[in-house]
Number of protein chains: 2
Amino acid sequence: MEEIENILENKLVRPTAMRMLVYQYFMGQDAAVSLTHVENAFDKADRTTLYRTLKVFEEKGVVHQIDDGTGTKKYALCEPGCNCELEQDLHLHFHCARCNETVCLTEHKIPHINLPEGFVAEDANVVLKGLCDKCSEK
Amino acid sequence: MEEIENILENKLVRPTAMRMLVYQYFMGQDAAVSLTHVENAFDKADRTTLYRTLKVFEEKGVVHQIDDGTGTKKYALCEPGCNCELEQDLHLHFHCARCNETVCLTEHKIPHINLPEGFVAEDANVVLKGLCDKCSEK
DNA sequence: AATAGCCATGCAACGGAAGTGCATTTATTT
DNA sequence: AAATAAATGCACTTCCGTTGCATGGCTATT
């Protein structure tokens with residue numbers, strides 16, 4: 001818990017009790033989580049607070065947002081040293097059509113893409129869809 | 001207009017007046033359009049009808065859906081011969097942060113990606129974000 | 001230690017977009 | 001022309017994201 005406090009402070013996020021708990025929750029997840037997920041995990045806390053917590057986390061580079069095509073935004077912890085830079089930090093995501101989970105493929109960075117003249121890319125969202133390792137076994 | 005009728009019939013979509021008009025509208029666009037866009041273009045038609053038109057178009061491979069991260073689903077005409085197959089038909093998309101338009105980069109197919117053991121990809125959504133050619137000039 | 005001010009939290013409400021059930025109209029088939 | 005099927009229109013719901021405002025707690029400054 002001390003550790004979490006340090007991480008948040010390093011990211012210039014004031015380590016309130018709530019924020020530390022949310023961070024801890026993120027650490028226990030291996031799939032990306034939505035606001036609703038967090039909400040269910042913290043019955044007592046208000047939706048808005050959690051919403052803003054996620055927003056602050058995203059702005060300060062604690063988590064990154066993933067748009068997996070389900071219509072619900074998901075979030076996952078950034079890797080240590082991540083700066084959310086295209087081609088350096090940004091990685092692929094995988095959404096499983098069966099279990100509906102979205103996971104980070106942190107080993108798979110986004111390959112360089114030659115864009116047409118005039119296009120300047122600064123961010124990217126890459127989601128592959130199909131069956132994940134757990135679901136394809138069955 | 002005759003041509004549109006043929007295209008729809010080839011895709012096994014019954015060419016009603018409404019559907020042909022919507023298809024025509026799509027042809028006149030160079031950016032991806034949302035349901036709201038179509039709605040505004042056809043004041044007289046009901047939202048639900050347009051909604052279901054887009055749904056049928058998507059199911060029958062007339063258009064493909066793009067999730068550009070704005071929270072609003074967008075649609076664009078499929079290329080001739082498109083089967084919406086990964087690595088053959090699927091291409092990149094670009095969302096401009098300034099003009100808020102999303103365009104297809106049909107020349108840029110999705111590169112092959114080696115997934116971890118057990119993952120089976122069947123679909124993909126790739127969106128690059130930044131400034132488009134029109135907006136980066138200024 | 002008291003006070004002022006800032007930031008986080010909680011409550012209520014709004015708005016956009018997607019989606020569904022059912023009635024009605026239009027088209028197709030026999 | 002009747003029977004069937006498909007498309008359209010209307011009303012309503014739900015989900016998610018978001019914002020405004022009031023309250024509470026921590027910090028800093030004196």
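For the side chain to side chain donor-acceptor pair (under 3.5 Å) condition, no pair includes a residue of residues 3-30 of chain A, sequence neighbours left out. Residue pairs meeting the side chain to side chain donor-acceptor pair (under 3.5 Å) criterion with at least one member in residues 112-130 of chain B, sequence neighbours excluded, are B/Glu87-B/His112, B/His112-B/Asn114. The stretch residues 48-63 of chain B participates, sequence neighbours left out, in no salt bridge (Lys or Arg N to Asp or Glu O under 4.0 Å) pair at all.
Note that the two end axes of the helix from C/dA1-D/dT30 to C/dT30-D/dA1 enclose an angle of 20°, each drawn from 5 base pairs, rounded to 10 degrees.
Ring geometry for B/Phe119 against A/Phe94 counts as perpendicular: the plane angle is over 60°, on a 0 to 90° scale with 30° as the lower cut.
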Considering only distance and modelled atom types, tabulate donor-acceptor pairs under 3.5 Å from the side chains of residues 32-42 of chain A, sequence neighbours left out.
unit_1  : atom_1 : unit_2  : atom_2 : d
A/Ser34 : OG     : A/Thr36 : N      : 3.4
A/Ser34 : OG     : A/His37 : N      : 3.2
A/Ser34 : OG     : A/His37 : ND1    : 3.1
A/His37 : ND1    : A/Ser34 : N      : 2.9
A/Asn40 : ND2    : A/Thr36 : O      : 3.3

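Partners of B/Thr48 according to the side-chain hydrogen bond (donor to acceptor under 3.5 Å, both in side chains) rule, which considers only residues two or more places apart in sequence or in another chain, are B/Asp46. Every side-chain contact (heavy atoms from CB on, under 4.5 Å) that B/Glu85 has, sequence neighbours left out, goes to B/Asn83, B/Gln88, B/Asp89. Here B/Pro111 pairs with A/Pro111 under the side-chain contact (heavy atoms from CB on, under 4.5 Å) rule; sequence neighbours left out.
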One character per nucleotide, please: for nucleotides 19-30 of chain C, 5' to 3', B when the base has a protein heavy atom closer than 4.0 Å, S when only the sugar-phosphate does, - otherwise. BBBB-----S--
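For DNA chain D, the span of nucleotides reached by chain A at under 4.0 Å from its heavy atoms goes, 5' to 3', from D/dC16 to D/dT27.
In the region residues 28-39 of chain B, proximity to DNA chain C at under 4.0 angstrom, judged on heavy atoms, holds for B/Leu35, B/Thr36.
Alongside B/Leu12, the hydrophobic cluster contains no other residue (criterion: ILVMFWY side chains under 4.5 Å).
Within 4.0 Å of A/Thr49, counting heavy atoms only, lies at least one base atom of the nucleic acid.
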